[in-house]
Amino acid sequence: MTDAPDQTKRPVAAEQKQPSAFAMWLGIADNSFTRQKTVKFGDATAVNSGRLYSIITVVLLLFAWWFTTSQGWVKPIYWPSFEAVGARWTKLMDQGFRNVPLFEHVGISVYRVMAGVFFGALVGIPLGFAMGLSSIAKGLFDPIVEFMRPIPPLALIPLFILWLGIDETAKISLLFLAALFIMIIAARSGVSGVKISKVHAAYSLGASKFQVLKNVILPNALPEIFTGIRTAMGVCWGTVVAAELVAAEKGVGSMIMIAKNFLQTDTVVIGIIIIGIIGYGIEMIMRLLERWLIPWRGKG
Amino acid sequence: MDGADHNGLLVDDVSMVFTLPGGGSVHALKNVTLNLASGELMSVLGPSGCGKTTLLNIIAGFLAPTEGAVFLNHHQVKGPAAERGMVFQQGALFEWLNVRKNISFGPRMMGKPRKETNEKVEHLLNIVGLGDFGDKPVYQLSGGMQQRVALARCLANDPDVILMDEPLGALDALTREKMQGLVLKLWKETGKTIVLITHSVEEALFLGERLIVMAPRPGRIHREYHLPFAEQGLTISPREIKASPEFVEKREEILSMIWEMEEEIMGGAAK
Ligand SMILES: Nc1ncnc2c1ncn2[C@@H]1O[C@H](COP(=O)(O)OP(=O)(O)O)[C@@H](O)[C@H]1O
Ligand SMILES: [Mg+2]
């Protein structure tokens, strides 16, 4: 002690008060690493979750909903009360909507998206590969792809109704087309992105053209293909709802459109919430799958 | 020289002209002739842009020379093949495969018996000091370890010639020295013919039994050396060799030679 009297005066990190884990979870305190940074503004990694403020936002919104409706400031046909939504939810779960169970409305929308993306990928991936690997295929399909790329699938709905009517084929064909061009572009860019040294290495190791395609180009393009599938799912989910708004007897989109005609705003709101949750769920599942199936993503 | 009579690697009067898309052309190589006996280790030095990579790519069969030809053991090189293995600077491993699968890639593509391949892979893993890392994904390894995988992957195919384009260029100095020892050891144990491109004069001197210094514009062979250091490196410690008066003398000689070339290119601005 007497040897180093000023030791005790120096501030030691461990002596400083540590914020609790709960405070860090809430985002009102930084983690220990960020706390020691002196440059925080401009450092994106120094921005914490700010969860407390998210909670405040949600609580405020819910409160505003409850307060304005219970005070009768908003008419129920514009925005329903809490209780009305709750009651409608129970009823929908119980009796379905127009004699179709709620899960069937949701299920058929999800099914249409899955079918569209599935067939879009089935056709789009080989086409994209061909375009990335052969001048002939590139020349043949480039005008079509470049023409279709900027057209929102929604703009095709009228044409599809004219051609195929309003049955299942029309909707799945529309979604197929929406997914197709996304998948072609994703696969093509996955192929073009292969590092030439990997291709060279494979040929020098005795691989044939087909082996290079299967063992180098394909796995190398998988991350991009997966991003394509993820994007296609998102776009198709938006498209299916819009298509159902226009013409369908079942599906979440048709449910909210029909409900609107009956001025059942509570059902409309429930439909919108379901659409949001499913869209978010699809995105999350795809991200999980991606982390699991393609752990090498971005590591080449 | 008639390539068909030649055993070993022969680069026979190779010239390479790149025609640029906007018109004009680059004379990347001019009348390069090289003759490597089986089992020789040759290092190639030269200022950047002097055609080293182009030369290696022609030997590997990725590029066809504008003039001349390359022969290996009596036949002309027409394209890439398993007889000529490549080790690239970095990023040429297959990141979707683990270490073991990367190393066995060649034999698997060639349809070699599985049992034999597995034994070979285990053997190579031990030789390059990665015995415990076989199941690791390659992207979890350090740069030095990744290059050891690249060496092993190349050796798994038992090529006649190994072509290396700055294989240690991305490594830190210490790892690099260790890897030089490994290259030397592998060369002696396997008796492969090796062509090694490097930016480091020290590395070129230490590893090259033969050393060629190339000059730019057009890319050509400027000088050739026969060196004792690689042979010594098998018994004497690398540090000792690199500090020896003969080594230092050669190093300074070549460094000033390359300096002069660089000055010519930069028009004296390099001073
Ligand atoms: N594909 C190509 N097209 C046009 N010029 C090229 C091409 N490849 C290389 N070159 C030119 O040839 C010369 C030699 O290049 P390179 O062999 O990469 O040199 P080094 O490996 O010695 O740095 C350089 O001037 C380079 O710009
Ligand atoms: Mg180079």
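Lettering of chains follows the sequences in order, A, B, ..., and the numbering in each one begins at 1. As a basis for the values below, the full set of heavy atoms in this structure was taken, side chains included, without hydrogen atoms, waters or symmetry mates.
- Interface remark: A/V199 contributes no atoms to any contact with chain B (heavy atom separation under 4.5 Å).
- The greatest number of non-hydrogen atom pairs below 4.5 Å with chain B, out of A/H200, A/K195, A/R297, is found for A/H200.
- More than 12 heavy atoms of other residues, nucleotides or ligands sit less than 6.0 Å from atom NZ of A/K37.
- Taking both residues in full, the closest heavy atoms of A/L205 and B/N157 are given as O-ND2, 2.8 Å, listed atom of the first, atom of the second, then distance.
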Verdict with supporting geometry, B/F88 and A/I196, side-chain contact (heavy atoms from CB on, under 4.5 Å): CA-CA 11 Å; B/F88 295 89; A/I196 189 61; over 6 Å; no
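- Other residues, nucleotides and ligands contribute at most 12 non-hydrogen atoms within 6.0 Å of the CD1 atom of A/I136.
- Under a 3.5 Å cut-off, the side chain of B/W96 and the backbone N or O of A/N215 do form a donor-acceptor pair.
- Within 6.0 Å of NZ in A/K138 there are 12 or fewer heavy atoms belonging to other residues, nucleotides or ligands.
- The local environment of NZ in A/K299 is crowded, with over 12 non-hydrogen atoms from other residues, nucleotides or ligands closer than 6.0 Å.
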Derivation of the side-chain contact (heavy atoms from CB on, under 4.5 Å) call for A/N220 and B/E95: CA-CA 9 Å; A/N220 197 81; B/E95 69 267 24; 4.1 Å; yes
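- Contacts with chain B were tallied for A/P295, A/S204, A/G206, A/S208; A/S204 has the most, counting heavy-atom pairs under 4.5 Å.
- Atom NZ of B/K101 has 12 or fewer neighbouring heavy atoms from other residues, nucleotides or ligands inside a 6.0 Å radius.
- For B/E83, no part lies under 4.5 angstrom from a heavy atom of chain A.
- The most heavy-atom pairs under 4.5 Å with chain A, out of B/P80, B/P137, B/P107, B/A60, come from B/P80.
- Between atom CZ of residue B/F94 and atom CH2 of residue A/W296 there is a gap of 13.0 Å, rounded to the nearest 0.5 Å.
- A/K198 touches chain B through backbone and side chain together, each having a heavy atom under 4.5 Å away.
- Across every non-hydrogen atom of B/A92 and A/A201, the tightest pair is O-CB, 4.2 Å.
- Annotation: B/Y139, atom OH; neighbour count of heavy atoms from other residues, nucleotides and ligands within 6.0 Å is above 12.
- Atom CZ of A/R51 sits in a crowded spot, with more than 12 heavy atoms from other residues, nucleotides or ligands closer than 6.0 Å.
- Residue B/L97: no heavy atom, backbone or side chain, is found under 4.5 Å from chain A.
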